[in-house]
Amino acid sequence: MDEAAIKALRLRLYRDFKFYAEKAPLKIKTKKGETSNLVLKPAQLRLVELIEKLLVERGRARVIILKARQQGMSTATGGYLYFKVSQNPAKKAVVVTHKAESTANLFDMTKRFHDGVDKFVKPSTKYASQRQLHFDKLDSGYAVATAGGEGIGRGDTYFYAHLSELAFWPVSSAEDNFNGLMQAVSPADGTVVVIESTANGVSNLFYREWQKAVAGESDFVPLFIPWHAEAEYREPCPSPLVHSPEEQDLIRLFGLDDEQLMFRRLKIAETDPDRFRQEYPSNPDEAFLTSGAPVFPPAHIEAQQRHTAPPTALYSVDSQGLHPNPRGTLAMWQEPRAGEQYFVSGDVASGSTAKGKDWSVSHVLNSDGQVVARYRAQVQPDVFAQHLEQIGLHYNEAQIIVENNNHGGTVLNELYKHLGYSNVFTETVIDKTTEEETVKLGFNTNKRTKPQLIDKLKKGLREGLLNIPDKTTLAELSTFVEKPDGGMAAEGKNHDDCVMSLALAYWIHERRWEPITNQEHWYVEGI
């Protein structure tokens, strides 16, 4: 091979990971225990192509993967990081897994990569321990760690990071370790961070980071890999299957064949349908099962998924009105229509912007039960009142219902008395002793009224009387659970502000009146 050909080959090995994996080669151990070259499967190619796309478009790649079991995402990520570190100077990679056994396995996989590559591309190694590889001439390295300890990544600077099975990191330290690692990743162009995990309910960091990515509230881009993307997930089918209604839906939605359905049947027989959905999901929503008893049946939440859509406009809100803003707090799906009646809610938070604190939320419903707008921000109660006034005015002087508990009193006082917004929901309270009637502003949520509020919302969802395009609201509905003491609230560190706001809006909602047309056959002549 002449010098030009060698140079071209070396350049392609440097640029083309798929070619590098097959020709360097990267050695892997198959499920059958055999050693072979890494030939990227379609799901693995999707990941690599997304990383390369983000590096071109954004200068850096941040990917969070929700996957089914054993789809090779860890292998593809580990191979890609070795490909980068072993060919570039002064670059460090870190891999963090949920338990020591997995840490050892991933490091063994990387050692297998390193031991198997041709000397043409193998970097000089100063030392290799059970936790690190150090390439002396490049001054690059590769290290592994197990989540659970304190201060992972602190004091180091990494160019590449692989965070494996984040949903299973110890809850007590997951957030601190994650934040420390993200701070340790270099701000320079070319950096890559990949989070990959199967689902593990909704009370963990992975679920929260996934939801943020889906909502566009983080740098991470979500990548979902359904179980049927894996070519090996099929079983021989001795005769054509008689399909159940659920299987007919899967065929219609995903084009599954009988061998894939047979795999599904056998896996369900080994465990149960819910466990299969969690470990082998067809869509992201069925992957996240709550550990508590969900208040809103998952089937009703799934039925709403067909309505989800990005907002048609985003606005910031102040005391003067609504202003177009791509990062605005008011998401709008439908502008107000002349003559339409609207209903606006206000679930009030303290206004604290500290991490994990609640949000002040408002929903706008039209008379058909369509959520036409949703506001969500961390603002002071009196400012929230100003924003509610402007939202109400924008939507044809809509009726506004505000929870009057705690900080809600401040909102109602500002909205009704200082701003003079008169179309505010009121309740008539009768004193049990004197039988005197008192009109009170707002809705009081307590042990008696909260179940009534939620029950009406459950009925509306069950009967299909609501149309919810907002993914944030649906995510909160899916993590709203019944607690062991009989109470209802968000599971874990999730929020339920959108749930209560929607319930308030639906409490005062009145459906559009539709005139009755007399039909002649309704009448019979008297005899």
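The residues of the chain are indexed from 1 along the displayed sequence. Predicted model, so just to flag it, every value in this text is computed and none were measured.
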To the nearest 0.5 Å, what is the distance between CG on Asp347 and CG on Asp497?
5.5 Å
Of all residues at least two apart in sequence or in a different chain, which pass the salt bridge (charged side-chain N to carboxylate O under 4.0 Å, His left out) check with Lys92?
Asp156
Evaluate the criterion side-chain contact (heavy atoms from CB on, under 4.5 Å) for residue pair Leu223 and Ile64; output intermediate values, then yes/no.
CA-CA 6 Å; Leu223 175 62; Ile64 182 168; over 6 Å; no
Qualifying residue, where the test is side chain to side chain contact (heavy atoms under 4.5 Å, CB included) with Phe206 and the options are Leu163, Thr198, Leu166:
Leu166
Worked verdict on Glu165 versus Ser102 for side-chain hydrogen bond (donor to acceptor under 3.5 Å, both in side chains):
CA-CA 9 Å; Glu165 295 297 352; Ser102 299; over 6 Å; no
Could you report the tightest heavy-atom contact between Leu504 and Ile401, atom names first, then the distance?
O-CG2, 3.4 Å
For the residue pair Phe168 and His98, categorise the inter-ring angle as parallel (less than 30°), tilted (30 to 60°) or perpendicular (more than 60°).
tilted
Counting distance only, does the side-chain N/O of Asp382 pair as donor-acceptor with the main-chain N or O of Ala385 below 3.5 Å?
no
According to the salt bridge (charged side-chain N to carboxylate O under 4.0 Å, His left out) rule, which pairs have a member within residues 446-456, sequence neighbours left out?
none
How many angstroms lie between atom CZ of Phe384 and atom CD of Gln378, to the nearest 0.5 angstrom?
12.0 Å
Sorted by first residue and then second, give each salt bridge (charged side-chain N to carboxylate O under 4.0 Å, His left out) pair with at least one member in residues 191-205; sequence neighbours left out.
Lys67-Glu196
Derivation and outcome, side-chain contact (heavy atoms from CB on, under 4.5 Å), residues Thr472 and Arg376
CA-CA 10 Å; Thr472 302; Arg376 185 170 181 259; 4.1 Å; yes
Does the pair Tyr207 and Asn200 meet the rule for a side-chain contact (heavy atoms from CB on, under 4.5 Å), with working shown?
CA-CA 8 Å; Tyr207 175 78; Asn200 184 29; over 6 Å; no
Which atom of Glu491 lies closest to which atom of Val481, heavy atoms considered
CB-CG2, 3.9 Å
Let me see the working for Thr449 and Asn446 under side-chain hydrogen bond (donor to acceptor under 3.5 Å, both in side chains), right down to the final yes or no.
CA-CA 5 Å; Thr449 61; Asn446 52 49; 3.3 Å; yes
Ignoring hydrogens, what is the shortest heavy-atom contact between Tyr506 and Gly460? Give both atom names and the distance.
OH-CA, 3.5 Å
Please check if any side-chain donor atom of Thr191 sits under 3.5 Å from a side-chain acceptor atom of Ser186, or the reverse.
no
Side chain Asp272, main chain Arg275, donor-acceptor under 3.5 Å:
yes
Examine the side chains of Tyr80 and Glu52 and answer whether a donor and an acceptor come within less than 3.5 Å of each other.
yes
Could you tell me whether the side chain of Gln304 reaches within less than 4.5 Å of the side chain of Thr473, counting heavy atoms only?
no
Over all heavy atoms of both residues, which pair between Asn177 and Trp169 is shortest? Give the atoms and the distance, please.
CB-CZ3, 4.2 Å
Polar contact flag, side-chain donor to acceptor under 3.5 angstrom, Gln341-Ser367:
no
Applying ring pair (Phe, Tyr, Trp, His ring centres under 6.0 Å), can you list everything that pairs with His394, at least two apart in sequence or on another chain?
none
Tell me whether Thr77 contacts the main-chain N or O of Ser74 through its side chain, where contact means a donor paired with an acceptor under 3.5 Å.
no
Indicate the atoms forming the closest heavy-atom contact of Tyr160 with Gly190, along with that distance.
CE2-O, 3.6 Å
Checking Ser197 side chain against Ala199 main chain: does a donor-acceptor pair fall under 3.5 Å?
no
Mind checking the CD-CD spacing from Glu476 to Gln211? Nearest 0.5 Å is all I need.
9.5 Å
Any pair with a residue in residues 384-393 that passes side chain to side chain donor-acceptor pair (under 3.5 Å), sequence neighbours left out, goes on the list, sorted by first then second residue, please.
Tyr375-His387
Would you list the pairs meeting side chain to side chain donor-acceptor pair (under 3.5 Å) in which at least one residue belongs to residues 419-430, sequence neighbours left out?
none
Under 3.5 Å, is there a donor-acceptor pair between the Ser218 and Glu209 side chains?
no
How far does CG of Leu322 sit from OH of Tyr395, to the nearest 0.5 angstrom?
8.0 Å
So, for Phe343 and Trp507, is the gap between ring centers shorter than 6.0 Å?
no
Shortest non-hydrogen separation from Leu55 to Arg60 and the atoms involved
CD2-CA, 3.7 Å
Show your reasoning for whether side-chain contact (heavy atoms from CB on, under 4.5 Å) applies to Glu175 and Phe178.
CA-CA 5 Å; Glu175 198 149 355; Phe178 176 74; 5.7 Å; no
Using a 6.0 Å distance limit plus a 45 degree cone around the ring axis, check whether Lys267 lies over the aromatic ring of Phe276.
no
Have Ser345 and Ser501 got a donor and an acceptor in their side chains that come within less than 3.5 Å?
yes
Distance-only polar pair, side chains of Asp176 and Ser173, donor-acceptor under 3.5 Å
no
Reported CD1-to-CG distance for the pair Ile391 and Leu330, which is rounded to 0.5 angstrom
5.0 Å
Indicate the ring-plane relationship of Phe254 and His228, choosing parallel, tilted or perpendicular according to the 30° and 60° boundaries.
tilted
